[in-house]
Amino acid sequence: MNLISKFLKRTEFDSYEDFYKNAAPQVPPKFNFGYDVVDEYARLSPDKRAIVWCNSKGDERVFTFKDVSEISNRIVNWFISFGIKKGDYVMTMLNRRWEYWMTAVACHKLGAVIIPATHLLTPKDIAYRCNSADVKLIIATAEDDVIEHIRLALDKCNTPCAFTADVEGFINFDAEFEKQSPTLPELEKPFGDDALLCYFTSGTTGQPKMVQHNFEYPVAHIVTAKYWQQVADDGLHLTMAETGWAKCSWGRIYGQWIAGTAQFIYDYNGRFTPTDILPYIGKYGVTTFCAPPTIYRFIVKEDLSAYDLSSLRHCSTAGEALNAEVFKQFYEATGLKIYEGFGQTESTVILANYADFAEPIPGSLGRPSPVYDLELIDDEENPVPDDCEGEIAIKLKPHQIGLVASYKGDERRTADAIGGTYYHTGDLAKRDSNGVYWFVGRKDDIIKSSGYRIGPFEVESALMEHPAVLECAITGTPDPLRGQVVKATIVLAKGYSPSDELKRELQSFVKKLTAPYKYPRVIDFVEQMPKTVSGKIRRVEIRKNDNKNK
């Protein structure tokens, strides 16, 4: 059993048009995810599986919804004894520890605002977040690097910290909450416009923004989980994201639990390669899988016939645009198609390929989610016709769920984002005559060369079809004659070495697949790409270095 019918009048639809018109979830009065989803499952089906957790050391734990309900209650009681109250900010750096899910639910029940943060933060990052959000408590995994970085950060922020094990001078989080009662006192129930969680964006171009969502946000992720990721009731879903990223909210808790699927969590220490996860898919019977294109790019380079992937029923991707060549290679190796979706930290899934209504179209973003009223617009906010490039924008409704509620501490940014007619994503796309959207690139990434406008994604997709290319980034680099020329920064696949001959081969290869003026006149082979801590390629850093060297 699952709880989707509490939020949708119908769960089955005859066509995409029927789905788009009638599948927007409705938020029940005073909805609170902790009480109305987790505790409700614990009441109706206490033995229903919620989490299957294992780590690289061989430890394993399975948690039912009854377990999650009772453990989260213990954490609430410990929060109260510690002085945490509704509206206080609690930051987690829990990587893939099972305690994250329990802590998130506890925060939602109490009304404390959770700040999910990556365990990779530097001392400077930690202090910045604690001071910017007035964090009352850090809860962190007891990993050596995390402990050291928090110790160094506390000189500048003086925030109390609890770890998931004994660490000298700090609170033992697990030991403390286990002492508490699993029964809650009577509490004021947070809901509606109350703050639920706050994400610090990765900050590719400046200081991170504080993206804040309210208590209606989890409901919008029903579309993300059931209709895009195709999670199954009593299935086992794996999204490849640690708890510090918005992709965790997209794929590892809200919509998935509402839809009744359990979460598979692989917690590891030390260096991770994407193929490490493959043996666990067969061992635990993972039914649905979601990962960024970077993961798929590494996976398709492996011999996938060596792994049991027979339990998988559906695969999806988001985070950056998926190259058609990766789609093709994965399908040939597994028989599984990858369904692409698009969205932001500020949203739930905005565009997606929905398996219920059509086969995925390689390289496309799919069609709009029923949660949002989508439009492609020009710089003056005028809608653009089909087959014309425009910015993906959300026309704001009087009551819009699933979209950023505010930027904490920044009223002007909040007003600019959601105070007008449209929410601007900053991403460019084209829409074809069938209503399917095709990614062009970030507005800041568009290359202007000799009067031409060149979107980087098309050129990157062409390069990805060459077997020598493992990763690539297309940027514009300054040129005195053309203004800019197309530059390709490339990480080579195993067995290939940089050479002028390979550069010429790649340039000719691109000319055959795209308009000739789009080929990369400059090619730079690198050992690794500059990336954010969330794994996204920092094209802005490549451009910055090019401008510095001119």
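The model shown is predicted, which means the values in this text are computed figures rather than measured ones.
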Short side-chain donor-acceptor distance under 3.5 Å, [Y] and [X]:
X      : Y      : answer
Gln329 : Tyr296 : no
His237 : Thr288 : yes
Asp39  : Ser69  : yes
Asn323 : Ser461 : yes

What residues, two or more places apart in sequence or in another chain, satisfy salt bridge (charged side-chain N to carboxylate O under 4.0 Å, His left out) together with [X]?
X      : result
Glu460 : Arg539
Lys136 : Asp134
Asp67  : none
Glu99  : Arg97

About how many Å separate [atom2] of [Y] and [atom1] of [X], when rounded to the nearest 0.5 Å?
X      : Y      : atom1 : atom2 : result
Thr345 : Lys247 : OG1   : NZ    : 11.5 Å
Lys48  : Thr64  : NZ    : OG1   : 11.5 Å
Ile523 : Ile490 : CD1   : CD1   : 5.0 Å
Phe33  : Phe31  : CZ    : CZ    : 6.5 Å
Cys290 : Gln230 : SG    : CD    : 12.0 Å

Please tabulate, one pair per line, all N/O donor-acceptor pairs under 3.5 Å involving side-chain atoms of residues 139-153, not counting sequence neighbours.
unit_1, atom_1, unit_2, atom_2, d
Thr141, OG1, Glu143, OE2, 3.4
Glu143, OE2, Asn95, ND2, 3.3
His149, ND1, Leu121, O, 3.1
Arg151, NH2, Glu168, O, 3.0

Counting heavy atoms not belonging to Glu411, are there more than 12 under 6.0 Å from its CD?
no
Please say whether more than 12 non-hydrogen atoms of neighbouring residues, nucleotides or ligands are located less than 6.0 Å from CD in Glu60.
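Count over threshold, so yes.
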Would Lys209 and Asp410 satisfy salt bridge (Lys or Arg N to Asp or Glu O under 4.0 Å), going step by step from the backbone distance to the final call?
CA-CA 9 Å; Lys209 305 185 294 289; Asp410 196 334; over 6 Å; no
For the ring pair His108 and Tyr254, is the centre-to-centre distance below 6.0 Å?
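Close enough - the centres of the two rings lie under 6.0 Å apart.
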So that I know where these two stand, are Tyr35 and Phe191 an aromatic pair - ring centroids less than 6.0 Å apart?
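No, the ring of Tyr35 stays outside the 6.0 Å limit from the ring of Phe191, centre to centre.
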Are [X] and [Y] close enough that some pair of their side-chain heavy atoms sits under 4.5 Å apart?
X      : Y      : result
Val326 : Thr317 : no
Thr239 : Trp250 : no
Pro116 : Trp245 : no
Ile542 : Lys487 : yes
Phe173 : Leu94  : no

side-chain hydrogen bond (donor to acceptor under 3.5 Å, both in side chains) partner of Glu242, chosen from Arg96, His119, Arg252:
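The single option meeting the side-chain hydrogen bond (donor to acceptor under 3.5 Å, both in side chains) with Glu242 is His119.
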Once you measure the plane-to-plane angle for [X] and [Y], does it fall in the parallel (<30°), tilted (30-60°) or perpendicular (>60°) bin?
X      : Y      : answer
Tyr284 : Tyr280 : parallel
Phe342 : Phe439 : tilted
Tyr217 : His213 : parallel

Pairs meeting criterion salt bridge (charged side-chain N to carboxylate O under 4.0 Å, His left out) with involvement of residues 286-300, two or more places apart
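For residues 286-300: Arg297-Glu320, Arg297-Glu471.
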Give me each pair satisfying salt bridge (charged side-chain N to carboxylate O under 4.0 Å, His left out) with a member in residues 184-199, each pair once, sequence neighbours excluded.
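Only Asp36-Lys189, Lys86-Glu188, Lys86-Asp194 qualify under salt bridge (charged side-chain N to carboxylate O under 4.0 Å, His left out).
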Could you go step by step and tell me if Phe525 and Ser497 meet the side-chain contact (heavy atoms from CB on, under 4.5 Å) rule?
CA-CA 9 Å; Phe525 295 116; Ser497 300; over 6 Å; no
Please determine which of Tyr339, Trp228, Phe289 meets the ring-ring contact (aromatic ring centres under 6.0 Å, His included) test together with His314.
Tyr339
Say whether, by atom type as modelled, one donor and one acceptor occur between the side chain of Ser316 and the main chain of Gln229 under 3.5 angstrom.
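Absent.
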Give me each pair satisfying ring-ring contact (aromatic ring centres under 6.0 Å, His included) with a member in residues 57-76, each pair once, sequence neighbours excluded.
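Residue pairs passing ring-ring contact (aromatic ring centres under 6.0 Å, His included), neighbours aside: Tyr41-Phe65, Phe63-Trp98, Phe65-Trp257.
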Are Asp88 and Lys85 ion-paired here, with the side-chain N under 4.0 Å from a carboxylate O?
yes
Listed by chain and number, what are the side-chain contact (heavy atoms from CB on, under 4.5 Å) partners of Lys179, not counting sequence neighbours?
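By the side-chain contact (heavy atoms from CB on, under 4.5 Å) rule, Lys179 matches Glu176.
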Tell me, please, which residues at least two apart from Lys156 pass side-chain contact (heavy atoms from CB on, under 4.5 Å).
Ala127
Would Thr294 and Lys531 satisfy side-chain contact (heavy atoms from CB on, under 4.5 Å), going step by step from the backbone distance to the final call?
CA-CA 11 Å; Thr294 299; Lys531 293 181 179 179; 4.1 Å; yes
From CA spacing to verdict: side-chain contact (heavy atoms from CB on, under 4.5 Å), Arg49, Val62:
CA-CA 7 Å; Arg49 195 173 58 166; Val62 177; 3.9 Å; yes
Of all pairs that satisfy side chain to side chain donor-acceptor pair (under 3.5 Å), the ones with a partner from residues 70-84, not counting sequence neighbours:
Ser72-Lys109, Asn73-Lys109
Under the ring-ring contact (aromatic ring centres under 6.0 Å, His included) rule, collect the residues that match up with Tyr423, sequence neighbours excluded.
none
Do Tyr100 and Ile265 pass the side-chain contact (heavy atoms from CB on, under 4.5 Å) test, and can you show the C-alpha distance, the side-chain angles, and the key distance before you say yes or no?
CA-CA 11 Å; Tyr100 172 78; Ile265 314 298; over 6 Å; no
